[in-house]
Amino acid sequence: QESLVESGGDSVQSGGSLKLSCTISGFNNRCMGWHRQAPGKEREEVARIDRDRDNTITYSDSVKGRFTISRDSGETTLYLQMNSLKVEDTAMYYCAAGWQQYYLDGPDQQLKGQCRWDVWGQGTQVTVSS
């Protein structure tokens, strides 16, 4: 049975760090990622590891340079290291898995990857106070 279980959420002060973990069971060879949703806002993809030759990693602009996504060699755990946390990082964080897709983007028809998400964890709360 496929499942994702997040842990590591906590309350921290602005500027602090947290490391989230996601235990992966029942599947492999999927693109994996972290999303977050703050109250009253839409769910946002913050970091993703593509299932391609280079395991391409993509971050949202809001977390680039502060968050790092990684996966253990056995692909049993996905991590999100979060540094220099800001109040606006406060949200429920979700681990997700999906199927790799590609599309042609822009006038140059550049090939880009994306993930069709189909398995979600229950979420872990991150609260950052000033």
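Quantities reported herein were computed from a predicted structural model and do not represent experimental measurements.
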Visitor: Any donor-acceptor pair under 3.5 Å linking the side chain of Asp50 with the backbone of Cys31?
Guide: no

Visitor: Just how far is it from atom CD of Glu42 to atom NE2 of His35, taken to the nearest 0.5 Å?
Guide: 12.5 Å

Visitor: Looking only at heavy atoms, what is the nearest atom pair of Glu6 and Tyr93, with distance?
Guide: OE2-O, 4.0 Å

Visitor: Whether Arg43 engages the ring of Trp120 as a cation-pi pair (distance to the six-membered ring centre under 6.0 angstrom, angle to the ring normal within 45°) should be assessed.
Guide: yes

Visitor: So, does Gln101 use its side chain to make a donor-acceptor pair with the main chain of Cys115 at under 3.5 Å?
Guide: no

Visitor: Is there a continuous path of hydrophobic side-chain contacts, each under 4.5 Å between heavy atoms, that joins Met92 to Val119?
Guide: no

Visitor: Roughly how far apart are Gln114 CD and Gln100 CD, rounded to 0.5 Å?
Guide: 8.5 Å

Visitor: Salt bridge (charged side-chain N to carboxylate O under 4.0 Å, His left out) for Glu45 and Arg48? Distances and angles first, verdict last.
Guide: CA-CA 8 Å; Glu45 179 186 302; Arg48 184 182 83 240; 2.7 Å; yes

Visitor: Over all heavy atoms of both residues, which pair between Asp52 and Asn55 is shortest? Give the atoms and the distance, please.
Guide: OD1-N, 2.7 Å

Visitor: Nearest 0.5 Å, what's the CG-SG distance between Leu80 and Cys22?
Guide: 10.5 Å

Visitor: Supply the atom-to-atom distance Thr127 OG1 to Gln125 CD, rounded to the nearest 0.5 angstrom.
Guide: 4.0 Å

Visitor: Using the side-chain contact (heavy atoms from CB on, under 4.5 Å) rule, take Ile69 and Val46 through it: C-alpha gap first, then chi angles, then the decisive distance, then the call.
Guide: CA-CA 9 Å; Ile69 188 172; Val46 297; over 6 Å; no

Visitor: Are Val5 and Phe27 joined in one hydrophobic group, where the rule is that I, L, V, M, F, W and Y side chains link up if heavy atoms are under 4.5 Å apart?
Guide: no

Visitor: Can you check side-chain contact (heavy atoms from CB on, under 4.5 Å) on Ser60 and Glu44, steps first, answer last?
Guide: CA-CA 8 Å; Ser60 66; Glu44 171 192 19; 3.6 Å; yes

Visitor: For the pair Ser17 (side chain) and Asn83 (backbone), establish whether a donor and an acceptor sit closer than 3.5 Å, ignoring hydrogens and angles.
Guide: no

Visitor: Run the side-chain contact (heavy atoms from CB on, under 4.5 Å) test on Gln1 and Ser25 for me, step by step, so that the C-alpha distance in whole Å, both residues' side-chain angles and the decisive distance to 0.1 Å come before the verdict.
Guide: CA-CA 7 Å; Gln1 183 175 355; Ser25 300; over 6 Å; no

Visitor: Could you tell me whether a side-chain N or O of Thr90 sits under 3.5 Å from a main-chain N or O of Val128, the two making a donor and an acceptor?
Guide: yes

Visitor: Just wondering, do Thr77 and Ile24 contact through their side chains at under 4.5 Å, heavy atoms?
Guide: no

Visitor: Following the transitive rule for hydrophobic clusters with a side-chain heavy-atom cut-off under 4.5 Å over Ile, Leu, Val, Met, Phe, Trp and Tyr, establish whether Val87 and Val12 coincide in one cluster.
Guide: no

Visitor: State whether Tyr102 and Lys112 meet the cation-pi test: NZ (Lys) or CZ (Arg) under 6.0 Å from the six-membered ring centroid, and within 45° of the perpendicular axis.
Guide: no

Visitor: Using only atom types and a distance under 3.5 Å, with no angle test, would you say the side chain of Trp34 pairs donor to acceptor with the backbone of Tyr79?
Guide: yes

Visitor: Do any N or O atoms from the side chain of Asp105 and from the backbone of Gln109 form a donor-acceptor pair under 3.5 angstrom?
Guide: no

Visitor: Can you tell if the side chain of Ile57 reaches within under 4.5 Å of the side chain of Thr68, non-hydrogen atoms only?
Guide: no

Visitor: Using every non-hydrogen atom in the two residues, find where Ser130 and Ser14 come nearest and quote the distance to one decimal.
Guide: CA-CB, 4.2 Å

Visitor: Report the C-alpha distance between Thr23 and Leu4 in whole Å, list the side-chain angles of each, state the deciding distance to 0.1 Å, and finish with yes or no for side-chain contact (heavy atoms from CB on, under 4.5 Å).
Guide: CA-CA 6 Å; Thr23 301; Leu4 299 170; over 6 Å; no

Visitor: Are Ile49 and Met82 connected in the hydrophobic side-chain network, where two residues link if heavy atoms are under 4.5 Å apart?
Guide: yes

Visitor: Using a strict 4.0 Å threshold on nitrogen-to-oxygen distance, state whether Arg36 and Glu88 make a salt bridge.
Guide: no

Visitor: Between Met32 and Leu20, is there a shared hydrophobic cluster once you connect ILVMFWY residues whose side-chain heavy atoms come closer than 4.5 Å?
Guide: yes

Visitor: Output yes when Asp89 and Lys86 qualify as a salt bridge under the 4.0 Å nitrogen-oxygen rule, no when they do not.
Guide: no

